[in-house]
Amino acid sequence: MDYFLICLVAFLGSGLTLFSGFGLGTLLVPVFGLFFPIEMAILLTAIVHFLNNIFKLFLLGQKANKQALLAFGIPAIVFAFVGAYLLSFLNSIPPIGSYTLGSHTFTLLPIKLCIGLILLFFALFEIIPSWSQLTFDKKYLPLGGVLSGFFGGLSGMQGALRAAFLIRAGLTKESYIGTGVVIACLIDLSRMGVYAQNWSQNSENIAYPLVICATLSAFLGAFIGNRLLEKVTLKSIQLLVALLLMVFAVLLGLGIL
């Protein structure tokens with residue numbers, strides 16, 4: 001059951017993430033968490049996420065927009081470290097409340113509410129007709145990288161914030177996906193450096209056959225998604241991103257993510 005569920009989520013999440021630019025990690029962590037301690041679930045997800053991004057890099061990395069990559073990616077990576085550094089300070093801010101559903105207690109954190117509102121704001125660009133034709137000039141990409149990296153470092157939601165900015169940057173669908181893939185790989189490289197010690201300490205406990213199966217499932221999802229890319233319009237990708245941003249925003253605000 002664990003193999004089937006994890007591989008299914010990896011397959012579907014990878015195909016979905018190819019177009020949206022985010023979602024695989026958020027889907028895999030709770031599923032791995034059903035069968036492993038949460039710290040191990042995060043590590044296993046990071047391994048699958050990293051290997052899948054390397055695979056997507058070979059598929060689509062050449063389509064990245066170099067101007068957007070440099071203007072957005074460099075500030076995002078730098079400020080991801082800044083956000084992560086400030087995380088401990090902001091986590092000291094008392095929660096504004098909590099609630100219980102069944103046997104689970106969820107905490108409402110100010111930082112996650114703030115990020116949720118930001119995601120909702122960007123989702124509205126696709127919902128409100130008068131906003132839907134707006135794009136961000138490429139000169140604002142560094143600002144998008146700063147905000148995406150900073151809040152991503154704080155919350156781990158860097159992919160959603162990256163997608164929120166890049167989808168409005170006037171890129172083609174191929175450039176949007178390729179640029180996001182390259183940036184995600186660079187961020188995963190820095191993140192895996194942090195996880196390396198945890199990996200070595202827990203190497204005997206890692207379920208390598210399960211990781212391999214989940215990774216191959218993610219590869220298959222990305223491969224099929226890439227084959228469907230020509231049939232997908234940029235507008236459909238924008239609407240998918242808007243829908244997922246709203247879902248993520250609500251789940252963040254409710255303290256579920």
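We use all heavy atoms of the structure for the numbers below, so side chains are in, but hydrogens, waters and symmetry mates are not.
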side-chain hydrogen bond (donor to acceptor under 3.5 Å, both in side chains) with [X]: which residues, sequence neighbours excluded?
X      : result
Ser14  : Asn52
Ser217 : none
Ser236 : Thr233
Thr107 : none

Output all residues satisfying ring pair (Phe, Tyr, Trp, His ring centres under 6.0 Å) with [X], sequence neighbours left out; order by chain, then residue number.
X      : value
Phe19  : none
Phe55  : Phe219
Phe223 : none

Search all heavy atoms of [X] against all heavy atoms of [Y] and return the closest pair with its distance.
X      : Y      : value
Lys63  : Leu229 : NZ-CD2, 4.3 Å
Leu18  : Ile177 : O-CG2, 3.3 Å
Phe36  : Ala207 : CZ-CB, 4.0 Å
Ala249 : Leu120 : CB-CG, 3.5 Å

Just to verify, what does [X] make a side-chain contact (heavy atoms from CB on, under 4.5 Å) with, not counting sequence neighbours?
X      : answer
Leu8   : Phe4, Leu12
Ala68  : Asn65, Leu141, Leu171, Thr179
Val211 : Leu44, Ile47, Val48, Ile206, Thr215
Leu251 : Val247, Ile256, Leu257

Quick one: are [X] and [Y] in side-chain contact, heavy atoms under 4.5 Å?
X      : Y      : result
Leu57  : Cys185 : yes
Leu147 : Phe79  : no
Phe32  : Ile6   : yes
Leu220 : Leu216 : no
Thr100 : Phe106 : no

Working to the nearest 0.5 Å, report the span between [atom1] of [X] and [atom2] of [Y].
X     : Y      : atom1 : atom2 : result
Thr17 : Leu28  : OG1   : CG    : 8.5 Å
Leu60 : Asn53  : CG    : CG    : 11.0 Å
Leu24 : Phe11  : CG    : CZ    : 12.5 Å
Ile96 : Leu113 : CD1   : CG    : 4.5 Å

Derivation of the side chain to side chain contact (heavy atoms under 4.5 Å, CB included) call for Phe35 and Leu210 = CA-CA 11 Å; Phe35 307 101; Leu210 181 56; 6.0 Å; no
